[in-house]
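Below, read A as the first sequence line, B as the second, and so on, with proteins coming before strands; counting in each chain starts at 1.
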Amino acid sequence: MPYWFFMFHLVEKRIAEAFAAKISTLYSVDAPVQTEQPKQASFGEIAVPAAFQLARQLKRAPKAIAAELSDAVGTIEGVAGIEIAGNGYMNVRLDRGAYGSSLLRGEAPLAAIEAEKTIIEHTNINPNKAAHIGHLRNAILGDTFVRMLRAAGSNVEVQNYIDNTGVQVADVVVAFERLEKKSPADVQTLIGTTRFDYLCWDLYARMSSYYADHSEALEWRKSTLHAIESGEGATSELAHLVSDAIVRAHLATMYRLNIEYDVLPRESEILHLKFWSQAFELLKERKAIFFENEGKNKGCWVMPASAFKQGASDEEENTDDSKVIVRSNSTVTYVGKDIAYQLWKFGLLGKDFYYRKWHTYPDGHDVWASTSEPQTGSPAFGRGARVYNVIDSRQSYLQDVVVAGLRALGFEKQAEASVHFSYEMVALSPRTCIEMGIELSDEDKKKPYVEVSGRKGLGVKADDLIDKLIEKALEEVTSRHAEDPEPQRRRVAEKIAIGALRYFMLKYTRNSVIAFDFAEALSFTGETGVYVQYAAVRASKILGKLAERGDTLPDFRAELSRDAINRQLSDERLWQALLTASKADAAIEQAVSSGEPSHVARYAFQLAQAFSSFYQDFPVVAESDKEKKTFLLWLTTYFRAQLERTLGVLGIEVPEYM
RNA sequence: GCGCCCGUAGCUCAGCUGGAUAGAGCGACUGGCUUCGAACCAGUAGGCCGGGGGUUCGAGUCCCUCCGGGCGCACCA
């Protein structure tokens, strides 16, 4: 039996299967057996409540069934004993020596990489201004989900869709041309000499308020959009300058957070390669949309409400609820374009982009962008078996329409495999608004949070927040290591700041609104990324101290027999520590299946807590008993590895020191 | 009006597909650094899980209803 067979989640499965098999032969009942964590550690490691479910079907007392079952199930590899507790719980105690020994001697099985591709689309920021904290939540959630899936063996492609021809880009272009009287050459100079994404942030807010006061200016937007779509002329050139520069700024911001992409599909190529007309033909041909001859949607191609609303009847009475896909002026709506794009992701469109290398990251990874010019030697993208779109929950209605589009086209399987990975917005706490000098109405002051608005320029820029976190971390580092050179302290401070930020965005479940508050985000104590990093650093510190004293790490496998491990693990504190540390894979697996990155963050915190109390209780280097010292050192290296691995899934690095 | 989400300790939030005595962080209060650095640890106080019905051996979790909040429901993206 391979040693990794003892890894916690596998032991759990084995126990569940053993009980399921016995239940099947004994009672002819076939059902998967649930396992759970006992309420108290003293009850054992794994609880099986199966007797309760059986009690109903068999009309017998759960306690009697539990007694019968636990006798009948016999010995299970790695299990020391089963006890009946409460009204019919079967509590399983693991064989500590066998478990610990297998962790020491085992190699983690390499998760087989799936052949099928999973596409995750995240970030998707309009390329017309600097990124803000709301975008950070999207990108951090998306990137962490990518890391989780990859850790579990999935073949993942990361896409970041760029809407470089939309209204938001057009508005900044209008502002440059009409308000600022800038030529493309002028803007090129600005790009090279200013903090361009910040400049556009302010300019976009100014343009929005200009529209509010001069509604006739909306004509500028209209003509600008046409010029951009045509892809020719100075206005189009300006739009490309702006959006390309902003995309570079966004990728740089995200790279600070250890976030990379594989491909940037762009709206300009979706237009020029006529993805939409292909999708339009398909939609018409398969009667997924129809032409409306009367009513308020007269002259439009619409998708009937019955396709995407569960309660709607498919009779004509509710045509009001239909979703317009093609307007009466024959232009396509956002949802229509999104259906075409979703079809491409699954390889169902019958068209593809060409790709050119956009950027090579310092680690050597390339990110490609779509282009309409044929290329040689570029990789293939798209053709996913599953697609996750990381988009905030306010767009769930539109995401439903997109999926309904696939279904109406007969792509049932792909509709099922389309996941709206939704999350709630990041708002601002009233206190933070006041700190930033944002004027609040009396009504807003009473609210628990205030919504961010790009149009009003109301929000916290991502890079400002990161800078602020780094400065604060640098102060803390300097107060402890004033003698170290500044670049070194800064490097440590950057890792701490990024850890704090990523953890902050991940500790909340996806459907909870984050009321962003500077004081909370800047906190470095308690349940934070910093706390977890600190545990990892302290583990390294112990090993460093050993080397400092001229000692070397023992050969753990040679020196720690199964009996020795069993002896050491009779100390309840050490057993609980090892048990917690061994659950990393179980935590990741659970987080993947529930689609909830916060589960990994919470586990990371528990892991760090377990290490911190271990650190407090056991002076490793000073331990005089040889066997015990060897065991404590091994546990330290194991903790260190598990902390680093779990933090890695969260996209957080371990600093050299703290 | 219709749809989705939320309401758990003073504050911010966990609570896996219903399971044993509802948890954590912050804040408050007590202790603990001559030790592998205290960005830490140990402990105390703090709860009719929004209200009311129901299903169940068992409900913070499922159903109904009411109250309070948020977000959607464009020929905008």
For the pair made of CZ in A:R394 and C1' in B:C4, what is the distance, rounded to whole Å?
14 Å
Whole-angstrom distance between B:U56 and B:C41, as gauged at atom C1'
43 Å
Now, which nucleotide makes the Watson-Crick or G-U wobble pair with B:G25, with each of the two distances under 3.5 Å?
B:C11
Is there a Watson-Crick or G-U wobble partner for B:U56 with both distances under 3.5 Å, and if so, which one is it?
none
Taking the six-membered ring for Trp, is the centroid-to-centroid distance between A:F280 and A:W301 below 6.0 Å?
yes
Give me the distance, rounded to whole Å, that separates B:G46 from B:C62 when you measure between the C1' atoms they each carry.
30 Å
With rounding to the closest Å, how many angstrom separate the C1' atoms on B:C6 and B:U12?
15 Å
Nearest-0.5 Å distance that lies between atom CD1 in A:I162 and atom CD1 in A:I246
11.5 Å
Write down the distance separating the C1' atoms in B:C26 and B:C40, rounded off to the nearest Å.
16 Å
By the Watson-Crick or G-U definition, both distances under 3.5 Å, B:C71 is matched with B:G3
Proximity to the side chain of A:S512 - top-ranked nucleotide from B:A14, B:A20, B:A24:
B:A14
Look at A:R480 together with A:E476 and state whether they make a salt bridge at an N to O cut-off of under 4.0 Å.
yes
Go through B:A20, B:C71, B:G72 for me and flag the one nearest to the A:Y397 side chain.
B:G72
A:R602: what forms a side-chain contact (heavy atoms from CB on, under 4.5 Å) with it, not counting sequence neighbours?
A:E527
Of the candidates B:C5, B:U21, B:A14, the side chain of A:T509 sits closest to B:A14
When rounded to the nearest 0.5 Å, the distance separating OG of A:S42 from CD of A:E572 is 8.0 Å
With a 3.5 angstrom cut-off on both distances, give the Watson-Crick or G-U wobble partner of B:C49, or none if there isn't one.
none
Given atom CD of A:Q53 and atom C1' of B:U17, what is their separation to the nearest angstrom?
11 Å
When rounded to the nearest Å, what value does the distance between C1' atoms of B:G54 and B:G47 take?
24 Å
Whole-Å distance between B:C5 P and A:I514 CD1?
19 Å
Taking the P atom of each, how far is B:C49 from B:U34, in whole Å?
46 Å
Compute whether any side-chain donor of one residue and acceptor of the other, for A:S393 and A:S396, lie under 3.5 angstrom apart.
no
Minimum-distance nucleotide to A:R602 side chain [options: B:C16, B:A14, B:G23]:
B:A14
Among the nucleotides B:A20, B:C13, B:U21, which one has an atom lying closest to any side-chain atom of A:Y508?
B:C13
Checking only heavy atoms, does the side chain of A:S328 share a donor-acceptor pair with the base of B:C75 at less than 3.5 Å?
yes
A:D163 near the nucleic acid: base, sugar-phosphate alone, or nothing, with a heavy-atom cut-off under 4.0 Å?
sugar-phosphate
Could you tell me how far B:C63 sits from B:U21 if I compare only their P atoms? Round to whole Å.
24 Å
Would you say A:N297 places a side-chain N or O within less than 4.0 Å of OP1 or OP2 belonging to B:C75?
yes
Sugar-phosphate only, base, or nothing, as touched by A:F43 at under 4.0 Å among non-hydrogen atoms
base
Tell me whether the side-chain N or O atoms of A:E520 pair up with the base of B:U12 as donor and acceptor below 3.5 Å, since no angle test is needed here.
no
Across the strands shown, which category fits A:L546 at heavy-atom distances under 4.0 angstrom: base, sugar-phosphate, nothing?
nothing
Return the nucleotide paired to B:A38: Watson-Crick means purine N1 to pyrimidine N3 with N6-O4 or O6-N4, wobble means G-U with N1-O2 and O6-N3, both under 3.5 Å.
none
note: A:F518, atom CZ; B:C26, atom C1'; distance rounded to Å ~ 19 Å
Tell me if the centroids of the rings in A:F421 and A:F145 come within less than 6.0 Å of each other.
yes
Both A:S594 and A:V335 contact RNA chain B. Taking the nearest nucleotide for each, which residue is further toward the 5' end?
A:S594
In whole angstrom, what separates A:F52's CZ from B:C57's P?
13 Å
Determine, for nucleotides 32-42 of chain B in 5'-to-3' order, which nucleotides have protein heavy atoms under 4.0 Å from the base (write B), from only the sugar-phosphate (write S), or from neither (write -).
B---BBSBSSS
The nucleotide from B:A24, B:C6, B:C16 with an atom nearest the side chain of A:N511 is B:C6
Tell me what A:E451 touches on the nucleic acid: a base, only sugar-phosphate, or nothing, going by heavy atoms under 4.0 Å.
sugar-phosphate
The test is side-chain contact (heavy atoms from CB on, under 4.5 Å); show your working for A:R573 and A:F614 and say whether it passes.
CA-CA 8 Å; A:R573 295 171 300 173; A:F614 163 76; over 6 Å; no
Of A:E267, A:H122, A:R266, which meets side chain to side chain donor-acceptor pair (under 3.5 Å) against A:Y161?
A:E267
Does A:A515 or A:M90 map to a spot on RNA chain B nearer the 5' end, using the closest nucleotide for each?
A:A515
Whole-Å distance between B:A22 P and A:Q37 CD?
16 Å
Side-chain N,O (A:N87) to OP1/OP2 (B:C57) below 4.0 Å:
no
In whole angstrom, what separates A:E596's CD from B:U17's C1'?
15 Å
Need one value for A:K472: base, sugar-phosphate or nothing, where a base atom within 4.0 Å counts as base even if backbone is also close, heavy atoms only.
nothing
Taking the P atom in each of B:C67 and B:A77, what is the distance between them to the nearest angstrom?
37 Å
Contact class for A:A47 vs. all strands (heavy atom < 4.0 Å): base, sugar-phosphate, or nothing?
base
Can you tell me the Watson-Crick or wobble partner of B:G18, both distances under 3.5 angstrom?
none
In terms of side-chain heavy atoms, does A:Y603 have a donor or acceptor partner in A:Q590 at a distance below 3.5 Å?
no
Could you please spell out the steps behind the side-chain contact (heavy atoms from CB on, under 4.5 Å) verdict for A:L428 and A:E451?
CA-CA 6 Å; A:L428 300 176; A:E451 200 170 343; over 6 Å; no
Starting the side chain at C-beta, find the nucleotide from B:A24, B:A77, B:G70 nearest to A:Y449.
B:G70
Which whole-number value in Å describes the distance from A:D400 CG to B:G3 P?
14 Å
